[in-house]
Amino acid sequence: SKANKLKEIKFNRLQKLQETDWYSNSDVTMPDYIKTWRQTLRDLPQNNTTESQYDTLLERNADGSLKNSVWTQPTE
């Protein structure tokens with residue numbers, strides 16, 4: 001269902017945000033590209049509202065990893 005897909009998107013988003021939470025330590029400067037990516041992740045629910053957009057976000061590769069590039073943490 002659409003609600004379950006949104007729930008899965010939010011779960012994946014939370015995991016990705018938690019992976020970069022350490023940047024918010026006071027002695028670490030969060031690079032702009034990480035700030036931008038984190039904001040993009042936070043904006044996913046408001047910027048993707050249709051079931052087909054949810055399907056695109058939740059597409060998986062053969063190995064089970066998420067296919068959409070939005071989930072990939074940028075390196076710069």
Peer 1: Quick check: do Arg38 and Met30 have side-chain heavy atoms less than 4.5 Å from each other?
Peer 2: yes
Peer 1: Ignoring hydrogens and angles, state whether a donor on the side chain of Gln53 or Thr56 is under 3.5 Å from an acceptor on the partner side chain.
Peer 2: no
Peer 1: NZ/Lys10 to CG/Leu17 distance, rounded to the nearest 0.5 angstrom?
Peer 2: 12.5 Å
Peer 1: Between the side chains of Gln39 and Asp43, does any donor sit under 3.5 Å from an acceptor?
Peer 2: yes
Peer 1: Is it the case that Arg60 and Ser65 place a side-chain donor and acceptor less than 3.5 Å from each other?
Peer 2: no
Peer 1: Taking all atoms of both residues into account, what is the closest heavy-atom pair of Trp37 and Val70, and its distance?
Peer 2: NE1-O, 2.8 Å
Peer 1: Report the distance from atom CG of Asn48 to atom CD1 of Ile9, rounding to the nearest 0.5 Å.
Peer 2: 6.5 Å
Peer 1: Just verifying a value: how many Å separate Gln15 CD and Leu66 CG, rounded to the nearest 0.5 Å?
Peer 2: 9.0 Å
Peer 1: Would Leu44 and Asn12 satisfy side-chain contact (heavy atoms from CB on, under 4.5 Å), going step by step from the backbone distance to the final call?
Peer 2: CA-CA 11 Å; Leu44 283 177; Asn12 290 322; over 6 Å; no
Peer 1: For a 4.5 angstrom cut-off between non-hydrogen side-chain atoms, does Lys16 reach Gln73?
Peer 2: no
Peer 1: Shared ILVMFWY cluster between Tyr54 and Leu14, side chains joined below 4.5 angstrom?
Peer 2: no
Peer 1: Answer yes if Tyr33 and Trp71 sit in the same cluster of Ile, Leu, Val, Met, Phe, Trp and Tyr residues linked by side chain heavy atoms under 4.5 Å apart, and no otherwise.
Peer 2: no
Peer 1: Do you reckon Leu57 sits in the same ILVMFWY cluster as Phe11, going by side-chain contacts under 4.5 Å, direct or chained?
Peer 2: no
Peer 1: Side-chain contact test, heavy atoms from C-beta onward, threshold under 4.5 Å: evaluate it for Arg13 versus Pro45 and give yes or no.
Peer 2: yes
Peer 1: Is there a chain of hydrophobic side chains (I, L, V, M, F, W, Y, each step under 4.5 Å between heavy atoms) that links Ile34 to Trp22?
Peer 2: yes
Peer 1: Starting from the C-alpha separation in whole Å, work towards a yes-or-no answer on side-chain contact (heavy atoms from CB on, under 4.5 Å) for Glu59 and Asn68.
Peer 2: CA-CA 7 Å; Glu59 266 187 283; Asn68 195 295; over 6 Å; no
Peer 1: Verify the neighbour count for atom NZ of Lys7: are there more than 12 heavy atoms of other residues, nucleotides or ligands below 6.0 Å?
Peer 2: no
